[in-house]
Structures are given as C-alpha cells and as structure tokens.
Amino acid sequence: MDTDMQVKDREAADNKLIDDAFQHLLDTYLASRHRKKVDIITKAFNFARQAHKGVRRLSGEPYIMHPIAVAQIACEEMGLGSTSISAALLHDVVEDTDYTVEDMKNIFGEKIALIVDGLTKISGGIFGDKASAQAENFKKLLLTMSDDIRVILIKICDRLHNMRTLESQPANKQYKIAGETLYIYAPLANRLGLNKIKTELEDLSFKFEHPEEYASIEKKLTDTEKQRDYLFNSFTEPIRVALDKMGVDYQIKERVKSPYSIWNKMQNKHVTFDEIYDILAVRIIYTPKSREEEINTCFNIYVAINQIYKSHPDRLRDWVNHPKANGYQALHVTLMSKQGRWIECQIRSNRMNEIAEQGFAAHWKYKEGENEYSEDEGELNDWLRTIKEILDDPQPDAMDFLDSIKLNLFASEIFVFTPKGEIKTMPAGCTALDFAFEIHTFLGSHCIGAKVNHKLVPLSHKLQSGDQVEILSSKSQHVQPSWINFVYTAKARSKIQAILRRDNREIQKKGEQILTEWLKRENMEPTTSIVDKLCEFHDIHKHEKFFQALGDKTIILGEKDLDELQGKNKKESSAGWRKYVPFLKTKEKKEEDKQTEKFVVDSNFNRKKPVIITEENIDSFVFPSCCHSIPGDDSLGYINNKNQIEIHLRNCKVANKLKSSYGNRIVDVKWNMHKMRYFDAVILVHGIDRKGILHDVAEIISSKLNVNIHKVNFTAEEGIFEGKIEIRVHDREEVKVIVEELKNIADLQEIQHVM
C-alpha cells in the first residue's frame, strides 16, 4: 500500500505534468493567427480535467493528458482555432463520464456540443464487432463530417495521438489499430490535404506491423545520410546562385522519402533499398512580393532551374494552375543532376507550402465575430456532397461500402472538360460511364456511349487528363449488370447497384405473381415449404433468386416441378443423384476433418496472448489461399466464423480488411519451429537469356544450398527470360539466403520471393 505521503507526491507530480502540458497548449494557441479566445479553452480544460479525474491510461499517465495532446495536435499541426481546441479537450467527456450532449450545449454552446456529439458517435475506434456495425459507424462519421468538417479533423488528431502512444497496447490491438489507420485514417488525411499527418500515420502503422523491416529502412536512411547531404548541397548550389541573382526571397529544403513509402515501393516494384532513386527530393519555397506575382514567380523559378539542369519531359506536374482536389498546389519538375541521378524538385510559395502541410485547415476563412469557417472550400464540399449521395443509398454489404469510399479516397485526379469547356475533376482510372454518372444519375443510367475529343467511344473507355467528353444517351437504354465491372468511382458504382436492386425487386414481384398463378391453376396455395421444395429442386439457395429466375424467364414451371411437389420424383435417378452427391461429399469431408482436427477458440481463450505455432500444433490452424505464411514471416491470426484460427501475413490484402473490420478477432502469432518440416515457397527470376542460365540457378539452389527444387518453369522471348521456381524450405530465412546467393549469377536482373 502507498503511504499518504507517496499519494500526495504522485498527485503533485501529476498536477505539474497536466499544468505544464496545458500551458504549452495555450502558448502555442497565443502564438497563432487566431483571435485569442483563451477563456473558452481554459473553461473546457478545467471541465475535462474534473470529469476525467482519477482515471489513467494504459501507459499509466493521467487520462486528461490524452485530450490535451489531441488539442495540441489540432492547434499546432492543423492550425485550428478555439472551437476545435475546446472540442478536442472535451471529446471523450460524453462517452466516458455521466455528462450528456445537452450538458455540453448548456455550458459551451451549440457549436462545440455539435462537434463533441459527432466525435462521441464515431468513438471507441469507429469499428464494432461486426462489419455491418463498422460500416454504420463509418457512415455516421462521414455524415457528421459533412455537417462540420472539424469533427473528422479532430478524429484524425485523436487517431494520431493513439498511434504515437500505441506502445502500451498488446500486439493484437496494435495490429487492429494500425490496420484500421492504414485502411481509413491515412487516406482520409491525404484526401483532406494533411500530408505531414498522413505520412506519420503510415510510418507508425508500418513500425508496429513490421518492426524489423521498419528498423532496417531507418538504419539504411541513417547510413546514407552523408551521401544524401552531399548530393543535396552540390545539386542546390547553382540553384541558389541563380535565385539570388533574380532577387527571390526563398528557402531550399531537403525532402526525404518516408520509411513506409520506401517499403511500399520496394514491395510494389520488387526492388531493393539501393534501387530506389527518388529517396531525395528538393523543395524550393518562395515568398512572392504580392499575391498577383505568386504564379509568375513560380514559373520564373522553373525557367531559371531549367537553364541549369535538363528536365525530364514526362515528369512535369503543374498543380499550380490545376490544384489537386485536396487543395494541393505546387510545380513538380524532375531534373538530371551532375551525378547522373534524376532528382524531383518541388516549387511552391509559402502559402502553397502551408496548404500542403496542413491541408484545408490552413485556409479556414472565419466570418466576422464568429469562430467558424466559411463554406467556400469548393472541392472539399463537392467531395462531401458525393459521399452524402452514396450514403443516401447505402449498400447492403459493409465491406463494399468501405471499398467504394476507399476508391475515392485513394484516387489521384485527372482533369476532364465538358463540351462547354467546364473543367471536372475525376479520379484517375475512371471511364466515360463514370463521367456520365458524375454529371447526373439520369444521364448515367441512360448512357449509350460517349464522344471523347469528338471520337465515338464505348462506355468502358478510360478517360485521360485533358479529354473533352460529350455523353450520348437514349431513353430506351437501361442500366446493365455488366456495367458494375468497368465503373471506377464510388458514386457510379453505388447508383448502378441501387438501380439494379430496384429492377431486381420488380422482376422478383413478377416472379412471385407467376408462381402464385401457376399454383392456383394446379389447385395449390403458395406456402414457404412449397417455395423451399422448388428452390431445392432447381438448386437455388434463396427465395429471392428463385423468384428472379421466374421473373426473367430463366426458369419456366412445368410437369417436373409438379411431380416434385407431389412427391413423384423421389424414385427418379436424376433427382436421386442430385441428393446423393452432396451426401457423398459430406461423408468425405467428415473423414478429412478427423485427420486434421482444427483448434477451436472457446470462452477461456486469452486473445491478448500470442498464439505460438509449433511442429506439433501447426495442422490445427487454417492457412487460407490468399497468402502463404511460413515460419519467419510477420504473421497474425484471425478467429473466423467457425472459431478456428486462420494464419495470414500481416500485409496480406485480406488481412488488411480483417484488421479494420473485425479488429477484436485479431490475435498475435509467433513461430517456434525447429526446421523439422518443409513449406512451399516461390521465387521469381527475370533477366537476360543466355546458355546455361538455368543450370547456374539449379546449381546454386540444389548443389550449393542443398534445397529441394519442387517445380521449375522458365520461358524466354527476344533475349529476355522469366522463371518461376517452386522450392521446399524450412522457413523464410532460407528463402532470403537463396535470394542473396542468386544475386551473384551474371545476367540475373531481378529476383523476388513471393509471399
């Protein structure tokens, strides 16, 4: 037991910690450009401090430190004002204490209460136990967001602080929160132009999911720092001379690619750290003499540096005249350095730089006398409107809903012109049909084709930036199910699905009518058991599907159906065969299950402890076909609907969805194998074809390393060969050794092991 003295000492230490943190928040706020509403912030702090008194976080610190930290991020890193800071301080009060939203309204006014209410609705990690609950909460998040954008901004601050303090959570919780962050919060931050925060969220997720790979990239970045500094200084020296001569007020900064971006590129392009050439980029930030001079100065700098270095013709990106949908503006040009390396140079004014770092928060425009932003963030509001339209017609499948939103979050933009010359921002990869739905649902649903740059194209034609598009429609045209396969935007997808569902309901009604009339003619009543029998006879699992088949005439009721209902079909061989086959399969399955009985999770199972996989128990886990986790991999477990544990790679695409949808079913996995069993692994090789290359590869794998080659497939065309080698190994370490050894073979250009 602690003595009274120890308790008092701890209280005094806690109070000093809290007071210092709040003072730091106030100092940051007072140094900002906002009107100084210190009273409301102090009132919110004192209220929250009292409400959370005596409560501690998992890390052991007083709970109030979390709301202060969230408010600090909102103020310092997003540039938000007193309303947002107060709401951030109060964001957990309604959820964690007895105070209500009504209390908030009475004490702090409607605006703050509305934001706190929005944050309460989407709290607790916005994900419930089931995907449908998750999607519902996600819809709430987005609906609230369209009422007041500050709700989502504070939610991102909350998530960033949780990620910064994730160390104190158990591993299974870390994977859930990190997966959720990569799946939703990082793309949201990106879409809102919060580039700095997006990068940190990605890096922190990467650090907790793949600690060894994160540490390896961090070490390589440190080891190559001097080399980068030398390259940066020698590259920028002549640029500084030119800009000084022009009399430009500027600063030049070094931008180093983040660990997550590097790792992502290594995974997607199958390259090593040393083969990534854009780790270093240069940023020129200038202060124009006036707002009118901003764009001219930008292009003058571009002309000046083009006279020093040769630029890459395909890599000029003009985001100055055509800002991205998240407000990002800059001119990107890739230049050839004297060392023979391409280096990207980003030119932006200090205003553009602030927007690039802080997103829409950087240009809140406050109305006179009120602490609220004006509604002229055009592009952002267009995006929120699109989301509202999707929410008006929600899709039944939660994951589909998330995926369709995610498509829009991740999309990079292209600029498309209407026949009248208006510019529309569309996601890259969109089709003519997407464009039709973007303009109007009626136009989309009756679209028969399009003219792109005055040439006739089909609906599935992919649009390019700068295309001029005219949509052709006909009243006789109807939405086709095949359209779903080539539309790209969430808006078009959700509208097509809604129309198809509506059409299907009409066809089903028609089918029900056909069945009722047919049964009436045969003197029978339409009962559930009759529909069940007919569904079984036609091998259809759902009544709706059966009615639809009747409605669109793919099933026509006749003599055989009547015989089935009257029991005359029982002795017929075909019906007997239909019933016999599944029975046969079931029998086989039961025998198979006996051989490898799977481990089943019960109520006593401790989800916080890692699952240890050994030679003795490996067969009791499920290894799905989406990825191939073998000993030594970064793996996790997922408790499936049968309460069995599936083993996935942590960066498997299916696992990424599971982490963000069923986070409470994720468990940590550790390998404890002793090289007694073999596993399949695949190595892909690519290079210049020559005589004996296959022999050299086989020599290293079989003779030198004594590894069993299971299957080899080599193809050569026009002097280039590709090969797929399937081997039997004990663990991932052996695969890495083989890959390293293969790198010594002449003419072998690319080697990758498939996870």
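Keep in mind the model is a prediction, meaning the values are calculated, not measured.
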Holding to side-chain contact (heavy atoms from CB on, under 4.5 Å), I want the full list of residues that pass it with S261, two or more places apart in sequence or in another chain.
K257, S258
Please name the pair of heavy atoms, one in A186 and one in K198, separated by the smallest distance, quoted to 0.1 Å.
O-CG, 3.4 Å
Given side chain to side chain donor-acceptor pair (under 3.5 Å), test Y638 with R665 step by step and report yes or no.
CA-CA 6 Å; Y638 164 66; R665 296 195 195 176; 3.3 Å; yes
Residue pairs, two or more places apart or on separate chains, that pass salt bridge (Lys or Arg N to Asp or Glu O under 4.0 Å) and touch residues 163-172:
E77-R164, R164-E200
Minimal non-hydrogen separation, P187 against L182, with atom names:
CD-O, 3.4 Å
With sequence neighbours excluded, what pairs up with H24 under the ring-ring contact (aromatic ring centres under 6.0 Å, His included) test?
none
Do L649 and D634 come within less than 4.5 Å of each other through their side chains, counting heavy atoms only?
no
ring-ring contact (aromatic ring centres under 6.0 Å, His included) with Y286: which residues, sequence neighbours excluded?
none
A quick test of your reading: do over 12 heavy atoms of other residues, nucleotides or ligands sit less than 6.0 Å from NZ of K265?
yes
Taking the six-membered ring for Trp, are Y260 and W263 parallel (under 30°), tilted (30 to 60°) or perpendicular (over 60°)?
tilted
What's the separation between atom CD in E438 and atom NZ in K424, rounded to the nearest 0.5 Å?
6.5 Å
Any side-chain heavy-atom pair from I284 and Q346 closer than 4.5 angstrom?
no
Step by step, would you call E180 with R159 a salt bridge (Lys or Arg N to Asp or Glu O under 4.0 Å)?
CA-CA 10 Å; E180 204 173 85; R159 175 49 55 119; 2.5 Å; yes
Carboxylate-amine/guanidinium contact E294 R291, below 4.0 Å:
yes
Of the non-hydrogen atoms in C75 and L25, which two are nearest, and what is the gap between them?
CB-CD1, 4.1 Å
Output yes when a side-chain donor or acceptor of T441 lies under 3.5 Å from a complementary backbone atom of F437, and no otherwise.
no
Can you check whether T287's main-chain N or O pairs, donor with acceptor, with D249's side chain at less than 3.5 Å?
no
Could you tell me if T42 and D39 have a donor-acceptor pair between their side chains, going purely by distance under 3.5 Å?
no
Do K659 and N656 have side-chain atoms, one donor and one acceptor, less than 3.5 Å apart?
yes
Shortest non-hydrogen contact from A655 toward R650
CB-O, 4.5 Å
For Y29 and S82, the nearest pair of non-hydrogen atoms, with its separation, is OH-CB, 3.6 Å
Please determine whether the number of non-hydrogen atoms from other residues, nucleotides or ligands lying under 6.0 Å from atom CG of D98 exceeds 12.
no
Can you check whether C157 reaches M78 side chain to side chain, under 4.5 Å on heavy atoms?
yes
Is F605 close to I639 at the side-chain level, that is, under 4.5 Å between some pair of heavy atoms?
yes
Can you give me the closest heavy-atom contact between Q329 and V320, atom names plus distance?
NE2-O, 2.9 Å
Taking the side chain as every heavy atom from C-beta outward, state whether V55 and D96 have any atom pair closer than 4.5 Å.
no
With distance as the sole criterion, is a donor-acceptor pair present between the side chains of Y328 and R348 under 3.5 Å?
yes
Above 12 or not: heavy atoms from other molecules or residues under 6.0 Å from NZ of K609?
no
Positive for salt bridge (charged side-chain N to carboxylate O under 4.0 Å, His left out) with D14, one of K53, R49, K8, R56
R56
Side chain R283, main chain K253, donor-acceptor under 3.5 Å:
no
Could you tell me whether the side chain of F47 reaches within less than 4.5 Å of the side chain of M104, counting heavy atoms only?
yes
Does a salt bridge link D20 with K16, judged by any charged N lying under 4.0 Å from a carboxylate O?
yes
Who are the ring-ring contact (aromatic ring centres under 6.0 Å, His included) partners of Y175, not counting sequence neighbours?
none
Say whether H648 and E646, considering side chains only, have a donor N or O and an acceptor N or O under 3.5 Å apart.
yes
Contact check, side chains of H66 and H161, non-hydrogen atoms, under 4.5 Å:
yes
Give a yes or no answer on whether the side chain of S494 reaches the backbone of K491 with a donor-acceptor pair at less than 3.5 Å.
yes
Within this structure, what is the SG-CG distance for the pair C652 and L658, rounded to the nearest 0.5 Å?
7.5 Å
Checking K43 side chain against I107 main chain: does a donor-acceptor pair fall under 3.5 Å?
yes
N162 (side chain) donor-acceptor with T165 (main chain) under 3.5 angstrom
no
Are a donor atom and an acceptor atom from the side chains of Q23 and D27 found within less than 3.5 Å of each other?
yes
I'd like to know whether NZ of K196 has more than 12 heavy-atom contacts from other residues, nucleotides or ligands below 6.0 angstrom.
no
For the backbone of L166 and the side chain of Q174, can you confirm whether one donor and one acceptor N or O come within less than 3.5 Å of each other?
yes
Taking D103 for the side chain and T100 for the main chain, is one N or O donor matched with an acceptor at less than 3.5 Å?
yes
Residue list, ring-ring contact (aromatic ring centres under 6.0 Å, His included) with Y214, at least two apart or on another chain
F206
Check: I262 and L221 side chains under 4.5 Å, non-hydrogen atoms
yes
Counting only N and O atoms by type, is there a donor-acceptor contact under 3.5 Å from the side chain of D434 to the main-chain atoms of T489?
yes
Donor-acceptor pair, N172 side chain versus P610 backbone, under 3.5 Å?
no
